[in-house]
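Shown next, in structure tokens, is the structure this report addresses.
Here is the naming used below: chain letters follow the sequence lines, and residue numbers restart at 1 for every chain.
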Protein chains: 2
Amino acid sequence: MFSHSSLEHQPGWSRDPNCPVRDVLDRIGDKWSTLILVTLANGPHRFSAMQRAIPDISKRMLAQTFRDLERDGLIARAVFPTKPPSVEYRLTPLGETILEPLAALVRWADRSHAAITHARLTYDRTS
Amino acid sequence: MFSHSSLEHQPGWSRDPNCPVRDVLDRIGDKWSTLILVTLANGPHRFSAMQRAIPDISKRMLAQTFRDLERDGLIARAVFPTKPPSVEYRLTPLGETILEPLAALVRWADRSHAAITHARLTYDRTS
DNA sequence: CAGTATCCTTAGAGATACTG
DNA sequence: CAGTATCTCTAAGGATACTG
């Protein structure tokens, strides 16, 4: 299985709950992060624009996820002193670098969702 | 931004809470799925072997995540009628196909965790 | 507009004890 | 060994009302 060598023989990262890879994966694995990052791939968005782009996120979670992503250095926050104030969020250079791997996963999900749906139906029918 | 075209101009999938891509991403985004899939990349594991490979997972969550992944058709469960019984879990062909995109994300996490840690320190210090 | 603060409900997940 | 059942606790997250 040399083709997936980067996933193999790494006793450390599965075993260690504090492993940095786990830590990072947990963050992007939360309910809204990837959705926000992917939306920002289309360009900077303001707070309210993001709410329109992802209608089922609450203000609370949007604000919190923005904060977390900014803290991780994946997005940047710019305040324009208009009135009322407007705030723009954009990907940082670091944030841009996650788009490729994320896109690969999205492509996989898109390619596989039919097979998965079918597998679920079969499973639910036989058990 | 033509390089990330697969993430752009897809009003449907961010807006629609029931989008299949979201659904699939949510599943692999849970706490244990990726860890289990990545561990199975090294070959089939029995229940107890997986517990040793991921020491901080509880029996309950391991059983549940195994069930969910089997339901999605990503892993297969084989019971050998020894006594006491032994059960082996392995990736299905479909399950194998997720390893590449997952590996890309793991590589990104590995490459970026230093930058992220640094960003967090800076953020926490200035705010 | 872009948030915070507060309250409240549920889902995620651990611990433990039991079973085929 | 490979689970299930139950009980419990916490944290994720929604709704609403308020503020610079």
Legend entry - Dot-bracket encoding per residue of DNA chain D, Watson-Crick/G-U cut-off under 3.5 Å, | denoting interstrand: ||||||||||||||||||||
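- The side chain of B/Arg46 places an N or O atom within less than 4.0 Å of a non-bridging phosphate oxygen (OP1 or OP2) of D/dA2.
- Applying the side chain to side chain contact (heavy atoms under 4.5 Å, CB included) criterion to A/Arg125, with sequence neighbours excluded, gives A/Thr122.
- B/Asp110 pairs by the side chain to side chain donor-acceptor pair (under 3.5 Å) definition with nothing, not counting sequence neighbours.
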List the atom pairs, donor and acceptor, that lie under 3.5 Å between side-chain atoms in residues 62-70 of chain B and the rest of the protein, sequence neighbours left out.
| unit_1 | atom_1 | unit_2 | atom_2 | d |
| --- | --- | --- | --- | --- |
| B/Thr65 | OG1 | B/Met61 | O | 2.7 |

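- Residue pairs satisfying the side-chain hydrogen bond (donor to acceptor under 3.5 Å, both in side chains) criterion with at least one member in residues 83-94 of chain A, sequence neighbours excluded, are listed as follows: A/Arg77-A/Tyr89, A/Glu88-A/Arg90.
- Within residues 72-83 of chain A, the residues that have a heavy atom under 4.0 Å from DNA chain C are, in order of number, A/Arg77.
- The distance from atom CZ of A/Arg67 to atom C1' of C/dG3 is 9 Å, rounded to the nearest whole Å.
- Distance B/Glu70 CD to D/dA2 P: 15 Å, rounded to the nearest Å.
- In this structure, A/Leu40 and A/Leu74 have side chains that are not in contact, with every pair of non-hydrogen atoms separated by 4.5 Å or more.
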Legend entry - Nucleic acid footprint by protein, nucleotides 5-20 of chain C - heavy-atom cut-off 4.0 Å, B for base, S for sugar-phosphate alone: -B------BBB----B
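- Screening residues 91-127 of chain A for ring-ring contact (aromatic ring centres under 6.0 Å, His included), with sequence neighbours left out, gives no hits.
- Qualifying side chain to side chain donor-acceptor pair (under 3.5 Å) partners for B/Asp124, counting only residues two or more places apart in sequence or in other chains: A/Arg71.
- Take A/Asp26 and apply the salt bridge (Lys or Arg N to Asp or Glu O under 4.0 Å) test, not counting sequence neighbours, and it matches no residue.
- The shortest distance between side-chain heavy atoms of A/Ile75 and A/Leu37 falls below 4.5 Å.
- With sequence neighbours excluded, the residues that form a salt bridge (Lys or Arg N to Asp or Glu O under 4.0 Å) with A/Asp56 are B/Arg22.
- Among the protein residues, A/Tyr89 comes within range of the sugar-phosphate backbone only, with heavy atoms under 4.0 Å from sugar or phosphate atoms but none that close to a base.
- Taking atom CG on A/Asp68 and atom P on D/dG13, their separation rounds to 10 Å, with Å as the unit.
- The side chain to side chain contact (heavy atoms under 4.5 Å, CB included) test applied to B/Asp30 returns B/Arg27, B/Trp32, B/Ser33, not counting sequence neighbours.
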